[in-house]
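Note sheet for the following structure.
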Amino acid sequence: MNKPVTAVSNLGAIDAAHHLHPFSDMKKLNAAGTKIITRAEGVHIWDATGKQYLDAFAGLWCVNVGYGRKSIADVVHAQMLELPYYNTFFGTTTPPTTLLAQKIAEKTGPKLNRVFFSNSGSEASDTWFRMARVYWKALGHETKTQVIARKNAYHGSTVAGASLGGMKWMHEQGNLPIEGIHHINQPYWYAEGGDLSPEDFGIKVARELEEKILELGEENVAAFVAEPIQGAGGVIVPPSTYWPEIKRICAKYQILLVADEVISGFGRLGSWFGHQHYDFEPDLAPIAKGLSSGYLPIGGVLVSDRVAEVMVNELGDFYHGYTYSGHPVAAAAALENIRIIEEEGLVERVRDDTGPYLAQALASLSDHELVGEAVSVGLMGAVQITADKATRRRFKKPDDTGTAVRNQCVDAGVVLRATGDRMLFSPPLIIERSQIDQAVDTLRNGLDWLKDNRGEG
Ligand SMILES: *Cc1c(COP(=O)(O)O)cnc(C)c1O
């Protein structure tokens, strides 16, 4: 058998010369040098120097079943030999593709029975965005084209994905957002809730959706999109009042409710999907990441009967698709990934054991003088750093503060992510209690370090 490509001595220099990285300041990165990851097993990764890390971020929110799953590699190998590629365009399909669509439908809410495949979450954003407009047009509502999204949301990096997202600095690069997308406030109580209780704030920001619909005119609005819990924006867990109010408003005005399940799908919240955790059923839902645990690129859009009915019976051709939509090898990997999640009861484990355990472990940080809030749902958590607990004051440079604490943790052998001054957890769903303790203890040490080195922050 051929061996995998391994590190060569000058890989860092080659990388600096030839490789442009996503979301990176290349000048700074080339000066600092890239970290070369060479190997992984379970919840651990190793770099080229041989240093081991606990990956408390599951790669990039995606390695739900953990690393080193031989059965996925075996299925992929066998599928490659049997049928490495075929398309799903001209009246054809492949067995893994179709069976994966069925399997996904089995796990979603009862009215989500169809899947349109993509290769990533970003592509899934582009797919549902067109689908939503096409749906209303097919019904004769030509003007229902406007989409409402949220500030600080993340829906990917394609033109539609970045436009739907609410990251200002992304919009500034490439003249975004594209026409027809509007952003309302996010349910980020800690930073933006002022004197309101979290519950009142949840209602207030949810009602911004209603105000925006009325401002644009109900006859012009196609859809509202939101992550059940904002991920890249900082694991913003909405107040308990938020989703019920959003659900009410979307139903009242009959606009499509789109749940971006790219992170919240496939067990992360202790449910198969985030919409089940928050007890609503979206009309469309992009998925990716945990669908294959990142072993191969694959994504898609869950399509409800409401939308599928129109697409199947009214639309005719939907002129949209990707060469690799429903790629048989990626689909085979996803099927095996889902089989593992089922067989090992990972959703239940997160719901009943490791999720509550993480919540408790994070809560133990609440007494730290620099911790404003520590929240989690399932195995998705965040610790908010504050300069002053009583007033919820932030450090002067929140991004630098979070990055500095993150670097402390990484040096100590635990990979976390920082978004601004929020420290984020999203470990593989196989993580054990002792490993949760290790991750949280390491973060506590990082916060202690910050306390001793906070300067005038
Ligand atoms: C990662 C992510 C995306 C984009 O997915 P890619 O596979 O990186 O294109 C979209 N939405 C959410 C919520 C995400 O976290």
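Everything numeric here is computed off the predicted structure, so don't read it as measured data. First listed ligand is number 1; within each ligand, the first listed atom is number 1. Quick note: residue numbers are just sequence positions, from 1.
When only non-hydrogen protein atoms are considered, atom 10 (C) of ligand 1 lies nearest to His155 C, 3.4 Å. Of all protein heavy atoms, the one lying nearest to atom 8 (O) of ligand 1 is Ser122 OG, 4.2 Å.
Side-chain contact of Asp283 with Tyr135: a donor-acceptor pair under 3.5 Å is absent, judged by distance alone. There is no side-chain donor-acceptor pair under 3.5 Å between Tyr319 and Arg130.
Using the six-membered ring where Trp is involved, Tyr85 and His327 have ring planes that are tilted, between 30° and 60° apart.
Distances below 4.0 Å separate heavy atoms of Ile263 from the following atoms of ligand 1: 15 (O). For ligand 1 and Glu227, the ligand atoms under 4.0 Å from any heavy atom of the residue are 13 (C). Using a 4.0 Å cut-off to heavy atoms of Asp260, the atoms of ligand 1 that qualify are 10 (C), 11 (N), 12 (C), 13 (C). Contact atoms of ligand 1 toward Ser120: 7 (O), 9 (O) (distance under 4.0 Å to a heavy atom of the residue).
Contact annotation: Tyr154 has at least one heavy atom less than 4.0 Å from an atom of ligand 1.
By the neighbour-count criterion of 12 heavy atoms within 6.0 Å, atom NZ of Lys204 is sparsely surrounded, having that number or fewer from other residues, nucleotides or ligands.
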Salt bridge (charged side-chain N to carboxylate O under 4.0 Å, His left out) for Arg422 and Glu373? Distances and angles first, verdict last. CA-CA 9 Å; Arg422 285 173 81 82; Glu373 67 169 1; 2.9 Å; yes
Using the rule given for salt bridge (charged side-chain N to carboxylate O under 4.0 Å, His left out), can you reason through Glu344 versus Arg69, listing the C-alpha separation, both sets of side-chain angles and the distance that settles it, and then say yes or no? CA-CA 13 Å; Glu344 299 184 5; Arg69 293 290 189 162; 2.7 Å; yes
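Aromatic ring centroids of His320 and Phe116 lie under 6.0 Å apart.
Remark: ligand 1 and Gly121 share an N or O pair separated by less than 3.5 Å (distance only, no angle test). Residue Lys289 has at least one N or O atom closer than 3.5 Å to an N or O atom of ligand 1.
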